[in-house]
Amino acid sequence: MGLQKNRGCGLLTKDNTGERVTIAGWVQGRRDHGGLIFLDVRDRTGIVQVVFDQEKSKSFFDQVEKIRPEYVIAVEGSVIPRSREAVNPKLKTGEIEISADALEIFNPSLTPPFYIEDGIDTDENLRLRYRYLDLRRPEMLELMHFRHKILLETRKYLDKEGFWEIETPMLTRSTPEGARDYLVPSRISPGSFFALPQSPQLFKQLLMVSGVEKYFQIARCFRDEDLRADRQPEFTQIDLELSFSTREKIMAIMEGLVRHLFLQVCGEEINPPFKVLSYQEAMDRFGSDRPDTRFAMELFDVSEIAAKCQFRVFQNAVTSGGVVRGLNAKKCGHYSRKEIDDLTALVKSWGAQGLGWMIVTGDGFKTPLAKFFDPVLLDQIREIADAREGDLLLFIAGDKEKALDILGQLRVHLGQREGLVSPGEKKFLWVIDFPLLAYDKEGKRLTSVHHPFTAPLEEDRPLLASDPLNVRSQAYDLVYNGVEVAGGSIRIHRKDIQEEIFALLGLTPADIEEKFGFLLGAFQYGAPPHGGLAFGLDRLIMLMAGRKSIRDVIAFPKTAAGNCLLTGAPAPVFAGQLAELHISPVLREDKKKG
RNA sequence: GGAGCCGUGGUGUAGUCUGGUAAACAUGCCGGCCUGUCAAGCCGGAGAUCGCGGGUUCAAUUCCCGUCGGCUCCGCCA
């Protein structure tokens with residue numbers, strides 16, 4: 001390599017005027033005037049214009065004429081100011097240009113399949129197949145840089161707080177519960193498999209038993225479930241755990257981390273402590289365990305009033321143990337019948353029986369329900385709903401959990417539709433006191449709401465035996481603008497309680513011994529009280545960067561079908577490889593290819 | 001596992017509903033001219049069997065069925 005790059009293209013300014021510099025990068029574009037050729041040269045710092053004059057560049061001007069977009073070149077020259085008319089205010093470096101007197105072409109380039117520039121609207125298929133070109137686009141490179149800064153500042157902050165970064169195995173054992181595992185066959189132990197970790201959960205608890213006291217890891221996690229815009233099969237967590245702490249202390253440290261990241265990486269001030277809501281309150285007020293509190297529109301309960309009205313659907317809901325809850329879509333009284341019908345269809349798609357509605361007018365309510373409510377009841381509704389002229393009240397009747405959930409979704413839908421969220425607004429809050437267990441109707445058994453290692457609230461422990469579904473846990477979720485970005489809990493550190501939980505989850509003593517014997521064993525040798533939390537790093541970065549897809553902040557993401565279009569993974573392997581691993585594929589008839 | 005949307009020169013789209021000369025526009029690409037452009041300009045040119053397979057029809061980019069790929073959502077994600 002002849003020419004040695006010594007400057008970033010985008011960093012040159014008129015302060016560099018007169019300097020001899022060597023820049024190197026990719027050709028963004030060319031403007032060929034015959035005897036005068038302009039090239040825009042781009043590297044990760046930005047773009048600078050290089051000018052080649054036929055007279056001055058005689059010895060290599062024929063080379064310059066061959067240069068096309070995305071060629072990789074180096075140019076040596078002097079930084080010269082542009083004349084006033086020639087200044088380009090759109091470029092950071094627009095006040096200067098480089099007058100070239102030496103050129104090296106490192107590599108030509110085919111015409112790229114899409115434009116290497118920001119804001120392209122190209123089939124994602126192509127972007128993923130040519131991911132190396134997609135990442136070359138400045139906005140994508142900047143996202144990678146952004147991600148780097150968040151990782152760096154995370155490490156700085158946690159180090160300062162006394163956390164040690166410790167790596168845990170990627171090849172570990174499959175455990176029941178939770179997501180489907182990615183399995184890795186063992187060559188040395190025929191018929192046995194490793195699993196890729198869904199999270200380093202058990203290892204970090206063992207590190208607490210080991211006396212590490214404060215651990216963290218930027219941990220890659222794997223879950224073999226279907227994908228979403230904000231879900232990839234392999235993803236990264238900021239995972240941490242500490243001993244001798246409390247829920248409140250852990251939450252405070254995390255608030256410090258979030259504040260540090262926003263300040264150092266985005267230059268924005270956010271002010272902990274964050275609001276704390278109990279799960280019950282979050283559900284009652286917002287119909288969600290991850291409420292978006294950037295706008296109000298809180299839910300209200302009209303069950304008692306509904307019980308007294310003549311409308312069968314409402315009456316029946318309440319008498320059969322359910323509820324009638326509602327929300328007030330402020331100033332939406334102008335919605336047409338069709339718009340309300342569309343909302344009805346929407347809530348039906350979420351499982352509602354129907355949608356009750358009342359438009360608040362100057363002299364009462366416009367509603368098909370009018371005949372079922374006497375005026376006293378309507379007045380009560382008006383008060384509970386804080387109904388003013390021009391408002392639209394919406395009601396869902398049914399099972400409490402379902403009604404709340406549907407109203408919660410409806411609330412978010414209306415919030416977006418009505419533009420109630422002001423751009424740039426940031427709302428963090430904690431949700432605590434989750435139920436420890438939930439009933440799985442399909443499997444007809446109890447499952448962990450968080451995970452099986454989550455400690456119950458001390459005061460609820462007696463209920464474990466008598467009323468397990470009403471036991472609350474010492475779990476906490478961090479919610480950012482209606483998205484769960486982190487979750488954690490104080491863990492169980494006693495063998496007997498852990499065994500009790502496993503038993504509630506339907507594991508037999510033999511299962512427990514086989515799958516979790518190592519954990520329970522560790523608890524017998526002085527396990528300290530401990531707890532921790534994990535951030536969904538990709539999701540956090542996505543939100544901080546204002547992106548809609550997690551794929552934008554992952555260098556080499558998978559498609560919705562879990563494929564890598566760049567490498568073609570997953571792919572068949574040679575029969576010999578399978579034989580070595582003592583496995584053979586058994587394809588169902590409908591899954592066979594070719 | 002289910003639902004919806006999308007697939008037309010390299011790229012982005014139009015055409016498809018209402019079948020009819022095998023396809024239009026922009027940009028990119030190639031060649032020529034051009035010494036102050038930065039979305040350079042002017043002139044010329046090449047480039048698509050309309051994702052793939054089957055069906056209906058005298059005739060299919062267009063209608064039907066299937067399939068593949070991408071995206072979004074539900075289920076799933078302790």
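Protein chains get the first letters and strands the later ones, always in sequence-line order, with residue 1 at the start of each.
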Salt bridge [X]-[Y], side-chain N to carboxylate O under 4.0 Å:
X        : Y        : result
A:Arg417 : A:Glu339 : yes
A:Arg42  : A:Glu117 : no
A:Glu225 : A:Arg231 : no
A:Asp123 : A:Arg129 : no
A:Glu500 : A:Arg494 : no

Sort out the partner of [N] for me: Watson-Crick or G-U wobble, both distances under 3.5 Å, none otherwise.
N     : answer
B:C63 : B:G55
B:C25 : B:G12
B:U72 : B:A3

Can you tell me how far [atom1] in [N] sits from the matching atom in [M], rounded to whole Å?
N     : M     : atom1 : value
B:C30 : B:G10 : C1'   : 13 Å
B:C73 : B:A26 : C1'   : 34 Å
B:A3  : B:U11 : C1'   : 31 Å
B:G15 : B:A24 : P     : 15 Å
B:G54 : B:A46 : P     : 32 Å
B:A22 : B:U61 : P     : 10 Å
B:U56 : B:C5  : C1'   : 26 Å
B:G2  : B:U49 : C1'   : 36 Å

(message) Do A:Asp181 and A:Ser174 pair up side chain to side chain, a donor and an acceptor below 3.5 Å, judged on atom types alone?
(response)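 Distance-only check passes for A:Asp181 and A:Ser174.
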
(message) Whether the A:Asp341 and A:Thr344 side chains hold a donor-acceptor pair (N or O, under 3.5 Å, no angle test) is what I'd like checked.
(response)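 Judged by distance alone, the side chains do not pair up.
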
Calculate the interatomic distance between [X] atom [atom1] and [N] atom [atom2]; express it in whole Å.
X        : N     : atom1 : atom2 : result
A:Ile120 : B:G12 : CD1   : P     : 9 Å
A:Asp121 : B:G10 : CG    : P     : 18 Å
A:Gln237 : B:C77 : CD    : P     : 16 Å
A:Phe114 : B:G70 : CZ    : C1'   : 14 Å
A:Asn88  : B:A40 : CG    : C1'   : 12 Å
A:Leu126 : B:U13 : CG    : P     : 11 Å
A:Arg290 : B:C77 : CZ    : P     : 15 Å
A:Asp40  : B:A40 : CG    : C1'   : 11 Å

Where is the tightest heavy-atom contact between [X] and [Y], given as atom of each residue plus distance?
X        : Y        : value
A:Phe61  : A:Leu36  : CZ-N, 4.2 Å
A:Pro112 : A:Leu133 : CB-CD1, 4.1 Å
A:Gly398 : A:Ala403 : O-CB, 4.4 Å

(message) Please determine whether a side-chain nitrogen or oxygen atom of A:Asn125 lies at a distance below 4.0 Å from atom OP1 or OP2 of B:C6.
(response)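 False: A:Asn125 side-chain N/O out of range (4.0 Å or more) of B:C6 OP1/OP2.
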
(request) Among A:Gln217, A:Arg491, A:Gln201, find the residue that satisfies the side chain to side chain donor-acceptor pair (under 3.5 Å) test when tested with A:Glu241. (result)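 Of the listed residues A:Gln217, A:Arg491, A:Gln201, the side chain to side chain donor-acceptor pair (under 3.5 Å) partner of A:Glu241 is A:Arg491.
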
(request) Could you run through nucleotides 25-37 of chain B and give me one letter per nucleotide, 5' to 3': B if any protein heavy atom sits under 4.0 Å from the base, S if only the sugar-phosphate is that close, - if neither? (result) --BSSSS--BBBB

Could you list the protein-to-nucleotides 71-75 of chain B atom pairs, N/O on both sides, closer than 3.5 Å?
| residue | atom | partner | partner atom | Å |
| --- | --- | --- | --- | --- |
| B:C71 | OP1 | A:Ala560 | N | 3.3 |
| B:C71 | OP2 | A:Ala560 | N | 2.6 |
| B:C71 | O3' | A:Arg551 | NH2 | 3.1 |
| B:U72 | OP1 | A:Arg551 | NH1 | 3.3 |
| B:U72 | OP1 | A:Arg551 | NH2 | 3.0 |
| B:U72 | OP2 | A:Arg551 | NH1 | 3.3 |
| B:C73 | OP2 | A:Ala229 | N | 3.3 |
| B:C74 | OP2 | A:Arg228 | NE | 3.0 |
| B:G75 | N7 | A:Arg228 | NH2 | 2.7 |
| B:G75 | O6 | A:Arg228 | NH1 | 3.0 |
| B:G75 | O6 | A:Arg228 | NH2 | 3.3 |
| B:G75 | N1 | A:Asp226 | OD2 | 2.6 |
| B:G75 | N2 | A:Asp226 | OD2 | 3.3 |

(request) Quick one: label A:Pro452 by what it contacts on the DNA or RNA (base, sugar-phosphate, nothing), any heavy atom closer than 4.0 Å. (result)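 Result for A:Pro452 = base.
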
